[in-house]
S.K.: 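Below: one structure in structure tokens.
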Amino acid sequence: MTDTALIVVAAGSGTRLGRGVPKAFAEIAGATILEHALRGLAAVDAAFVIVVPAGHEADASAIAERAGLVATVVAGGEARADSVAAGLAAAGDARWVLVHDAARALAPAALVERVIAALRDGAGAVVPVLPVVDTIREADAAGLGAIVDRAALRAMQTPQGFEAALLRRAYETAGDARGASTDDAQLVQAVGEQVVPVAGDELAFKITTPADAERAESLLARKEPGMREVADIRTGIGVDVHGFGGEGPLRLAGIEWEGVGLVGHSDGDAVCHAIVDALLGAAGLGDIGGLVGVDDPQHAGAHGEVFVRAAVALLAEHGWAPVNVSVQVLGVRPRIGTRREEAQAVLTAMLGAPVSVSGTTTDGLGAIGRGEGVQAIATALIRRRPTPVAE
Ligand code: CTP
Ligand code: MG
């Protein structure tokens, strides 16, 4: 049980970004701002609360799932502080609470850890800050006034961290006046409590204007694609064995071979079956036994292709697509090398992603080595589809 709640406020309208959708649901670099924010936080050990505009709750739950986390989703309010209050009400009895703007979608995990570490060191309230780099002047209707000494200024970022009881007290004390605040730490200071600054991070800038969105977009594009998408990639393994002595022809790797067939309720195509288990395993969707009822009379003698296509369809329903599969066949016969290209082409067409096939003998050892059957070992790489397929 984690002792930390992480409230991600995403209920703003995004007027200044001007995309015509609530800002957290605007897309940059192929995903919503909310999804980028959550992906960056997914490794944090906390109970997640996401606050979104009323009506966007289901959308936000799906986005959270895609980002690899389970979250409580609640509707926000008129002002940012109202949204934080709604998040706090759903934060349970965690000892510490972090409040983070979804709009700071590129905030690095190290920043979150810095805030949590300061809380564990005994701080009641922690805020990441950065020095101000621009020259700042006061301004009023009459024009520009005095230059403010920027050495004395700090820009506030999120996540801000609090003892949950302290933040609740600060919000209760502020009452309706909270509406004017865009900084939770300020409300804590208003009840006379100390706020500890920690170093902020330039990557935690708030996406506010179209120029900010462009900056975020190019930063995301510059990251190694593999690293950026790592939360969206899974691997799986599958193994299958069938003995020789079947009544039908020898079917393996989706094609027909000379010689005695394999025993199995279906066509005994160990390569297809291993691929199915690798795909399902990668997506956490069980194994071939639970797929389409391989024991069904209707699947007697069924080609392995039926199961591979069913597995790919099930993955798609859950928002996954194969990236590639590699299979190794262990056995004395058939000799994979003689028809490798053909087998690879057939399996690749079946899967809709590259499949490579290799073969090896086991140096005469064991039942496979004595030629009593074949074994196939498959590994699959799968990725999140950009948009989940509708049911
Ligand atoms: N926020 C919120 N509820 C509100 C207002 C803001 O949850 N009623 C959140 C935003 O979703 C954002 C963060 O607070 O993650 C910081 O607010 P801001 O950058 O001002 O976002 P918006 O209010 O959406 O943008 P704008 O002010 O341009 O409309
Ligand atoms: Mg705002």
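Start at 1 and go down the list; that is how both ligands and their atoms are numbered. Only a predicted model underlies this, so the values are computations on that prediction, with no experimental measurement involved.
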S.K.: Can you tell me the protein heavy atom closest to atom 1 (N) of ligand 1 and the distance?
M.R.: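 For atom 1 (N) of ligand 1, the nearest protein heavy atom comes out as Gly12 N, 3.4 Å.
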S.K.: Salt bridge or not for Arg251 and Asp269, using N-O below 4.0 Å?
M.R.: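 So Arg251 does not pair with Asp269 through a salt bridge.
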S.K.: Give the residue, atom name and distance (to 0.1 Å) of the protein heavy atom nearest atom 24 (O) of ligand 1.
M.R.: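 Answer, as residue, atom name and distance: Gly14 N, 2.8 Å.
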S.K.: Return the closest protein heavy atom for atom 3 (N) of ligand 1 as residue, atom name and distance.
M.R.: Ser83 OG, 2.6 Å
S.K.: Can you tell whether the side chains of Asp212 and Lys23 come within less than 4.0 Å, N to carboxylate O?
M.R.: no
S.K.: Which of the atoms of ligand 1 are close to Ala79, meaning less than 4.0 Å from one of its heavy atoms?
M.R.: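 Contacts of ligand 1 toward Ala79, numbered from 1: 4 (C), 8 (N).
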S.K.: Given Arg16, Lys206, His100, Arg80, identify the one with the heavy atom nearest to atom 14 (O) of ligand 1.
M.R.: Arg80
S.K.: As an exercise, identify every atom of ligand 1 less than 4.0 angstrom from a heavy atom of Glu78.
M.R.: 8 (N)
S.K.: Salt bridge check, Arg39 against Glu35: does any charged N sit closer than 4.0 Å to a carboxylate O?
M.R.: yes
S.K.: Could you check whether atom 17 (O) of ligand 1 has a protein contact, counting only heavy atoms that fall below 4.0 angstrom?
M.R.: no
S.K.: Before signing off on this row, confirm whether Ile207 and ligand 1 have an N or O atom pair separated by under 3.5 Å.
M.R.: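 No - when backbone and side-chain N and O of Ile207 are compared with those of ligand 1, no distance drops under 3.5 Å.
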S.K.: Within a distance under 4.0 Å of any heavy atom of Ala10, pick out the atoms of ligand 1 and give their elements.
M.R.: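 Near Ala10, meaning under 4.0 Å from one of its heavy atoms, ligand 1 has 7 (O), 11 (O).
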S.K.: For residues Leu250 and Glu258, report the shortest heavy-atom separation together with the two atoms involved.
M.R.: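 That closest heavy-atom pairing would be CD2-O, 3.6 Å.
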S.K.: So, the side chain of Thr379 versus the backbone of Ile237: is there a donor-acceptor pair under 3.5 Å, distance only?
M.R.: no
S.K.: Please name the pair of heavy atoms, one in Ala81 and one in Ser181, separated by the smallest distance, quoted to 0.1 Å.
M.R.: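 Result for this residue pair: CB-O, 3.9 Å.
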S.K.: More than 12 non-hydrogen atoms from neighbouring residues, nucleotides or ligands closer than 6.0 Å to CG on Asp140, yes or no?
M.R.: yes
S.K.: Should Leu330 and Phe244 be regarded as members of a common hydrophobic cluster, given that ILVMFWY residues are connected when their side-chain heavy atoms come within less than 4.5 Å of each other, either directly or indirectly?
M.R.: no
S.K.: Is ligand 1 under 4.0 Å from a heavy atom in the side chain of Ala24, in the backbone, in both, or in neither?
M.R.: neither
S.K.: Before accepting this row, confirm whether a basic side-chain N of the pair Arg104/Asp101 lies closer than 4.0 Å to the acidic partner's carboxylate O.
M.R.: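 Counted as a salt bridge, because a side-chain N and a carboxylate O are separated by less than 4.0 Å.
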S.K.: So which protein heavy atom does atom 15 (O) of ligand 1 come closest to, and at what separation?
M.R.: Val9 O, 2.8 Å
S.K.: Tell me: protein heavy atom nearest atom 29 (O) of ligand 1, and distance?
M.R.: Thr15 N, 2.7 Å
S.K.: May I ask which of Ala11, Gly77, Gly76 has a heavy atom nearer to atom 8 (N) of ligand 1 than the others do?
M.R.: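 Heavy atom nearest to atom 8 (N) of ligand 1 belongs to Gly77.
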S.K.: Any idea which part of Lys23 is under 4.0 Å from ligand 1, heavy-atom wise: side chain, backbone, both or neither?
M.R.: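 Side chain only; the backbone of Lys23 stays clear of ligand 1.
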S.K.: Out of Ile382, Leu381, Thr235, which one pairs with Val323 under the side-chain contact (heavy atoms from CB on, under 4.5 Å) rule?
M.R.: Leu381
S.K.: Closer than 4.0 Å to some heavy atom of Asp101 - which atoms of ligand 1 meet that?
M.R.: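 Heavy-atom distances to Asp101 below 4.0 Å select 13 (C), 14 (O), 15 (O), 16 (C).
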